[in-house]
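Throughout, a chain's letter reflects where its sequence line sits, starting with A, and its residues are numbered from 1. Note that the structure is a prediction, hence the values are computed from the model and not measured.
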2 protein chains.
Amino acid sequence: MEKEKTDKKDHILDVAEKVFAELGYDGASTRVISGEAGVNMAMLNYYFGSKEGVFLAIFERRIASFQSTLLGIGADESKDSWEKLNKYVESYVDRVINNNCFHVMLNREISKSKKTDLTDKITDIIMKNVAVFQQIIAEGIASGQFNNDVDEALLTATLFGTKNYMVNTHHISSRVIGYDVMDRKNQDELLKPRLKTYLKKLLKAYLQPENDNNN
Amino acid sequence: MEKEKTDKKDHILDVAEKVFAELGYDGASTRVISGEAGVNMAMLNYYFGSKEGVFLAIFERRIASFQSTLLGIGADESKDSWEKLNKYVESYVDRVINNNCFHVMLNREISKSKKTDLTDKITDIIMKNVAVFQQIIAEGIASGQFNNDVDEALLTATLFGTKNYMVNTHHISSRVIGYDVMDRKNQDELLKPRLKTYLKKLLKAYLQPENDNNN
DNA sequence: TTTTTCTAATCAATCGTTTGATTAACTTTG
DNA sequence: CAAAGTTAATCAAACGATTGATTAGAAAAA
């Protein structure tokens with residue numbers, strides 16, 4: 001019974017995550033979510049208190065494991081900066097594409113200009129992932145492994161922005177890249193390896209010290 | 001009178017653009033928009049037919065001039081590929097940041113997974129800008145000015161994704177970059193030149209043929 | 001006057017949420 | 001064991017509030 005209850009709650013969150021990604025937080029009604037999940041509308045409030053409670057529950061389910069993986073890479077003393085950077089990129093691409101619905105949902109809500117409790121909460125969470133990346137860059141520069149003429153902040157924007165572009169604006173990215181980026185098979189066989197290879201190469205070109213990139 | 005009417009319609013669109021960016025299409029009610037614009041609610045329907053009509057009117061007001069500028073750069077025979085690329089980046093950064101509310105609004109709606117008439121329309125418009133960029137890259141590769149081992153599609157994702165990250169997720173990008181990216185003064189004095197310099201340098205590092213970037 | 005612009009009042013529809021009743025399963029009691 | 005009591009889970013129905021849209025008519029402009 002306890003197990004069944006958890007499964008059911010998880011099922012509701014799975015469906016809600018997808019519907020929120022499809023229609024946005026405001027566009028997704030509790031009736032659509034409950035209908036698509038095959039449960040009574042009142043169950044959303046019974047389990048999660050409110051519509052916002054559903055949204056936050058989706059959050060807390062995804063965050064914990066996601067953070068720890070990236071933090072572990074940043075703290076790994078056995079790797080040099082280049083290895084950390086490549087490992088970060090690979091882990092990040094895998095996790096984001098595997099949970100693309102969640103990241104679409106997350107980025108839609110953070111892109112609201114108006115500051116709310118929700119945007120604050122999302123910002124804090126995302127900043128932790130950003131901080132790990134920036135720490136890797138800073139260490140690489142300090143140790144001389146990376147070029148010291150680097151715009152760390154905008155390089156961060158490039159890494160996360162490229163990712164966002166691929167998963168968040170998939171109507172466009174699918175046409176740019178030539179296949180449906182929301183298709184699971186394409187994601188695993190084509191998109192993931194291609195995006196990893198590309199990002200590592202792009203970062204290498206920009207960060208490697210032997211090049212003289214000054215304009 | 002015709003002039004006054006146009007001014008009023010323009011004022012409504014200015015306000016609506018801002019509110020849509022703040023709250024999203026679904027989150028922005030006609031009452032809030034009309035209230036903030038200081039006009040009667042019924043005026044939205046009187047002038048634009050419907051809420052969606054307001055949204056589309058914002059669109060058509062921004063698009064025409066935006067397209068022509070970029071198309072002109074791509075077609076300029078007097079420039080080589082590097083010059084075209086740099087000019088494209090500069091024009092693009094200027095236009096996007098000057099109209100940041102519009103681009104926030106635009107990207108929020110395109111990020112809905114579900115395909116609608118609206119997402120189709122937005123996709124077609126954006127693809128035109130993308131096509132100009134990709135044409136510049138393709139020409140540069142063909143002429144030997146750029147490296148021929150280039151992932152054009154993902155480089156496109158990087159250019160537009162970096163831009164999106166800065167203007168669309170401004171709660172995050174402001175913290176990453178250290179100042180408020182939505183402040184007009186910061187945008188003109190700090191963000192625009194920095195983003196232009198960075199993107200040109202990044203593209204140069206990735207595209208220049210003399211480097212041996214293969215892994 | 002005729003036409004255009006604007007408003008207050010109102011519409012049906014939909015929103016998120018709450019309610020009271022019912023079901024099913026487990027515990028306690030006799 | 002069986003009856004009574006207790007609990008969480010589920011449901012259909014309804015709640016008040018808000019949504020986008022429409023109306024009839026006043027006000028202003030021509």
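In terms of the side-chain contact (heavy atoms from CB on, under 4.5 Å) criterion, residue partners of A/Glu83 (sequence neighbours excluded) are, by chain and number, A/Lys79, A/Asp80. The side-chain contact (heavy atoms from CB on, under 4.5 Å) check on A/Ala28 picks up A/Val19, A/Phe20, A/Leu23, A/Ile33, with sequence neighbours excluded. Residues meeting the side chain to side chain donor-acceptor pair (under 3.5 Å) test with A/Glu22, sequence neighbours left out: none.
Considering only side-chain N and O atoms, A/Lys8 lies under 4.0 angstrom from the phosphate OP1 or OP2 of D/dT10. Side-chain nitrogen and oxygen atoms of B/Tyr46 include none within less than 4.0 Å of the OP1 or OP2 phosphate oxygen of D/dA21.
Using modelled atom types and a 3.5 Å distance limit, the side chains of B/Lys204 and B/Asn86 yield no donor-acceptor pair. No hydrogens or angles considered: nothing links the side chains of A/Arg175 and B/Thr123 as a donor-acceptor pair under 3.5 Å. In this structure, a donor-acceptor pair under 3.5 Å is absent between the side chains of A/Thr158 and B/Thr158.
Between the P atom of C/dT7 and the CG atom of B/Leu44 lies a distance of 11 Å, rounded to the nearest Å. Atom pair B/Leu23:CG and C/dC15:P shows a separation of 18 Å (rounding to whole Å applied). Between the OH atom of A/Tyr47 and the P atom of D/dA8 there is a distance of 12 Å, rounded to whole Å. A/Asp26 places its CG atom 15 Å from the C1' atom of D/dG20, with the value rounded to the nearest Å. Residue A/Phe48 contributes atom CZ, which lies 15 Å from atom C1' of D/dA8 at whole-angstrom precision. Per the geometry, CG belonging to B/Asn45 stands 10 Å off P belonging to D/dG20, to the nearest Å. The nearest whole Å value for the distance from the CG atom in B/Leu56 to the P atom in D/dG20 is 15 Å. Rounded to whole angstrom, the span from the CE atom of B/Met43 across to the P atom of C/dT5 amounts to 8 Å.
For residues 112-133 of chain A, the ring-ring contact (aromatic ring centres under 6.0 Å, His included) pairs, not counting sequence neighbours, are A/Tyr88-A/Phe133.
For B/Ala16 against B/Val54, the heavy-atom pair with the smallest separation is CB-CG1, 3.7 Å.
Within the 4.5 Å cutoff, no side-chain heavy atoms of B/Arg95 are placed close to those of B/His103.
Sorted by residue number, the members of residues 28-41 of chain A with any non-hydrogen atom under 4.0 Å from DNA chain C read A/Ala28, A/Ser29, A/Thr30, A/Arg31, A/Met41.
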Polar atom pairs (N or O), protein with nucleotides 23-27 of chain D, under 3.5 Å:
none

